[in-house]
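For reference, the structure discussed in these notes is given below.
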Amino acid sequence: MLFGMGRGRVDFSRGINRLSSYARIFGHANPKAHEVWLGWTIGLWVSNLRSKYRRGKLTEEQIAEAESIGVRFQPPYRDRKPKPPTRAERRESDLLSRLSKLEPFYRKHGHINVKQLYGVDGWPGAGRWIAALRAKYWHDTLPESVVRKAEDLNIRWNMHGGSQRSNHQDD
């Protein structure tokens, strides 16, 4: 069976062999329609293959062979790229990561209430960071996961006595 390729035609077995080599290199067998591989419009060939599939012009063996190397005949043809994390997600991850850096201090002292002018091993600005974390807590700008993690590490939100913020009181 021949498939039109613009300049010249590529039969199924030659096309599937080329597509197979493409898949070994790129990890999938679903190139975009405009994609060129080794000087050959592989994306157009796959597009034509799908068109033949929809019109019932492929044999069961051809369908099975194409699917065995990863050709998708039903949309979506390619996996969606994962969405990058949002700014808020990156910020939350960064805060949790920094809290994790305080775990050795917590294991030694039973809390993470580092004095503002002091640091911990490998992190001289830890005290200032804890002070800034408390300020964010009082301004209610910390994600709940960060509040829970800090409280698990026995943080004191109010170092000068007084009451805790009303929506984060101890249970």
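A quick note: this is a predicted structure, and the numbers were derived from the prediction, not measured.
- Follow the hydrophobic side-chain contacts under 4.5 Å out from V36 and you never reach I25; the two are in separate clusters.
- Looking at K52 and F73, their side chains never come closer than 4.5 Å, going by heavy atoms from C-beta outward.
- The nearest pair of heavy atoms linking V120 to A126 is CG2-CB, 3.9 Å.
- A23 and A29 get closest at one heavy-atom pair: CB-CB, 4.0 Å.
- Contact check for Y22 versus L38: no side-chain heavy atoms found under the 4.5 Å cut-off.
- Side-chain contact between P143 and R91 is present, with heavy atoms from C-beta onward closer than 4.5 Å.
- Under a cut-off of 6.0 angstrom, the local environment of CZ in F26 is crowded, with over 12 non-hydrogen atoms contributed by other residues, nucleotides or ligands.
- Taking 4.5 Å as the limit, every side-chain heavy atom of N17 sits out of range of all side-chain heavy atoms of R14.
- Within the model, atoms CG of N30 and OG of S47 stand 11.5 Å from one another, a figure rounded to the nearest 0.5 Å.
- We find the CG-CG distance between L133 and L142 to be 5.0 Å, quoted to the nearest 0.5 Å.
- Looking at every heavy atom in both residues, W37 comes nearest to R18 through NE1-O, 3.6 Å.
- V146 has its side chain out of reach of R98: every pair of non-hydrogen atoms, C-beta onward, lies at least 4.5 Å apart.
- Within the 3.5 Å criterion, the main-chain N or O of T141 finds no donor-acceptor partner in the side chain of H139.
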So D121 and F105, side-chain contact (heavy atoms from CB on, under 4.5 Å) or not? Walk me through it.
CA-CA 8 Å; D121 291 339; F105 184 90; over 6 Å; no
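- Residues S20 and R24 have side chains in contact (heavy-atom distance under 4.5 Å, counting atoms from C-beta outward).
- Residue E35 holds its CD atom at 11.0 Å from OG1 of T41, rounded to the nearest 0.5 Å.
- Between V147 and W157, the closest side-chain pair of non-hydrogen atoms falls below 4.5 Å.
- Contact between P31 and L19 at its shortest, heavy atoms only, is CD-CD1, 4.1 Å.
- Judged purely by atom type and a 3.5 angstrom limit, D94 has no side-chain atom pairing as donor or acceptor with the backbone of R90.
- Using cut-offs of 30° and 60° for the angle between ring planes, the W123 and W129 rings count as tilted.
- Between W45 and F12, the closest heavy-atom pair is CZ2-O, 3.9 Å.
- Residues L99 and L153 approach most closely at O-CD1, 3.6 Å, considering heavy atoms.
- To the nearest 0.5 Å, atom NE2 of residue H109 and atom CG of residue N154 are 13.0 Å apart.
- The CD1 atom of I63 sits 9.0 Å away from the CD atom of E61 when rounded to the nearest 0.5 Å.
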When you look at L49 and Q62, which way does the side-chain contact (heavy atoms from CB on, under 4.5 Å) test go after all the steps?
CA-CA 10 Å; L49 186 69; Q62 289 172 326; over 6 Å; no
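- Heavy atoms of other residues, nucleotides or ligands lying less than 6.0 angstrom from CZ of R87 number 12 at most.
- For the atom pair NZ of K149 and CD1 of I112, the computed distance is 9.0 Å after rounding to the nearest 0.5 Å.
- Using a 4.5 Å heavy-atom cutoff, the side chains of L96 and R148 are not in contact.
- R72 CZ: more than 12 foreign heavy atoms inside a 6.0 Å radius.
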